[in-house]
Amino acid sequence: MEDLHPGAALPRDLFNADAVLVARRLVGTWLQVGPTGGIVVETEAYRQDDQASHSFRGETARNRAMFGPPAHAYVYRSYGLHWCFNIVCLRGSAVLVRALMPVLGVDIMRDRRGLEDIRRLCSGPGKLCAALGIDPGLDRQPIDRPPILVAEGLADVETVAGPRIGITRDVDRAWRFGLAESRFLSRAFR
DNA sequence: GCCTCGATTTTCT
DNA sequence: GAAAATCGAGGCC
């Protein structure tokens, strides 16, 4: 494996754009929360004109962050149990970060997850939040100020695309993006 | 490896 | 009342 470390922080303007473009762009970037972090290997885009998105029916108490400024976090509870971490893009849209290649603070992440297997530490949106210590305290926080950092990561990235996971509407949009050949995905791309 | 199931909050019907 | 942007455990092959 390469010598991995964060590069320059991504500018906020980058997130003031279509979530589909941002989702593809984020594959291979660095995501850090406090003392833990790694390389983003899987994302999904959700737009307001998209029936699978929480924002489709307008603003609610839960999805308020999606209607706030770009480059801020949207953290929500999934299936009543797990947390999911998104980055807000154009108004009413966001990118769900689904999987990470653990790099920084791996022992901390193992402790938080109670799991040794590095390939499964962050291989899903709920797992990733547990490993990074993400909770609703980060909802609506900027992603370019501590404890969050999103920065350049891998130099050359080959991405693959496919249908999103776990949704029942607008299922044919290929808005899930992954790092080609990565062993840290939540599921393989076909 | 595959499958089924249950935990539990938010939203919608 | 039921489904949802999920996960882990347990049963089976």
Side-chain angles (χ1 to χ4, degrees), chain A residues 15 18-27 31 33 36 38 40-68 70 72-102 109-140 143 150 159-179 182-190:
Chain A
F15 298 92
D18 182 351
V20 177
L21 300 179
V22 177
R24 189 185 290 112
R25 174 70 173 81
L26 287 182
V27 172
L31 169 63
V33 180
T36 52
V40 174
V41 298
E42 185 180 338
T43 62
E44 285 179 358
Y46 289 89
R47 293 200 320 210
Q48 194 169 7
D49 64 350
D50 159 19
Q51 294 190 54
S53 174
H54 289 170
S55 61
F56 182 70
R57 289 182 182 80
E59 187 172 344
T60 64
R62 177 177 63 166
N63 67 20
R64 187 172 40 170
M66 290 186 79
F67 294 88
H72 285 61
Y74 166 41
V75 179
Y76 71 89
R77 196 189 284 278
S78 171
Y79 291 90
L81 288 160
H82 315 287
W83 302 111
C84 289
F85 176 75
N86 303 248
I87 302 176
V88 178
C89 298
L90 279 179
R91 184 176 170 78
S93 76
V95 173
L96 170 67
V97 181
R98 288 190 53 90
L100 202 72
M101 174 173 70
M109 293 194 271
R110 284 194 167 113
D111 285 348
R112 286 171 173 166
R113 296 268 293 109
L115 180 72
E116 283 297 310
D117 183 2
I118 193 168
R119 289 173 56 164
R120 297 185 192 178
L121 274 189
C122 301
S123 62
K127 302 177 183 181
L128 176 155
C129 284
L132 293 179
I134 291 171
D135 65 26
L138 292 181
D139 189 42
R140 304 175 75 207
I143 53 96
V150 179
T159 60
V160 288
R164 294 172 292 179
I165 293 179
I167 59 169
T168 57
R169 292 181 283 201
D170 277 332
V171 293
D172 292 331
R173 302 187 198 238
W175 285 357
R176 174 180 178 235
F177 301 97
L179 180 64
S182 174
R183 305 183 334 277
F184 299 93
L185 299 171
S186 68
R187 276 173 43 182
F189 285 77
R190 21 179 202 89

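Computed over heavy atoms, backbone and side chain alike; hydrogens, waters and symmetry mates excluded. Lettering follows sequence order; numbering is per chain, from 1.
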(message) Whole angstroms only, please: what is the CG-P distance between A/Asn63 and C/dA4?
(response) 17 Å

(request) Report which part of the nucleic acid A/Arg164 touches: base, sugar-phosphate, or nothing (heavy-atom distance under 4.0 Å, all strands). (result) nothing

(message) What is the separation between atom CZ on A/Arg120 and atom P on C/dA9, rounded to the nearest whole Å?
(response) 10 Å

(request) Tell which nucleotide pairs with C/dA5, taking only Watson-Crick or G-U wobble pairs whose two distances are both under 3.5 angstrom. (result) none

(request) Determine the contact category for A/Arg113: base if any of its heavy atoms lies under 4.0 Å from a base atom, sugar-phosphate if only primed atoms, P, OP1 or OP2 are that close, otherwise nothing. (result) sugar-phosphate

(message) Distance check, P atoms only: B/dT13 and C/dA5, in whole angstrom units.
(response) 14 Å

(message) Nearest to the A/Lys127 side chain among B/dC12, C/dC7, C/dT6, which nucleotide is it?
(response) C/dC7

(request) For A/Ala130, report the nucleic acid contact type (base, sugar-phosphate, nothing); a contact means any heavy atom under 4.0 Å. (result) nothing

(request) Verify the contact: side-chain N or O of A/Ser78 to OP1 or OP2 of C/dA5, cut-off strictly under 4.0 Å; return yes or no. (result) no

(message) With nearest nucleotide decided by heavy atoms, which residue, A/Gly126 or A/Thr168, maps closer to the 5′ end of DNA chain C?
(response) A/Thr168

(message) With hydrogens left out and only the distance checked, is there a donor-acceptor pair under 3.5 Å joining A/Tyr79's side chain and the base of C/dA5?
(response) no

(message) Closer than 3.5 angstrom, by distance alone: can the side chain of A/Arg113 be matched with the main-chain N or O of A/Leu121 as a donor-acceptor pair?
(response) yes

(request) Send over the distance from A/Leu121 CG to C/dC7 P, rounded to a whole Å. (result) 13 Å

(request) Would you indicate what A/Ser186 reaches in the nucleic acid, counting non-hydrogen atoms under 4.0 angstrom: base, sugar-phosphate, or nothing? (result) nothing

(message) Categorize A/Leu81 for me: base, sugar-phosphate, or nothing, with a 4.0 angstrom heavy-atom threshold over every strand shown.
(response) base

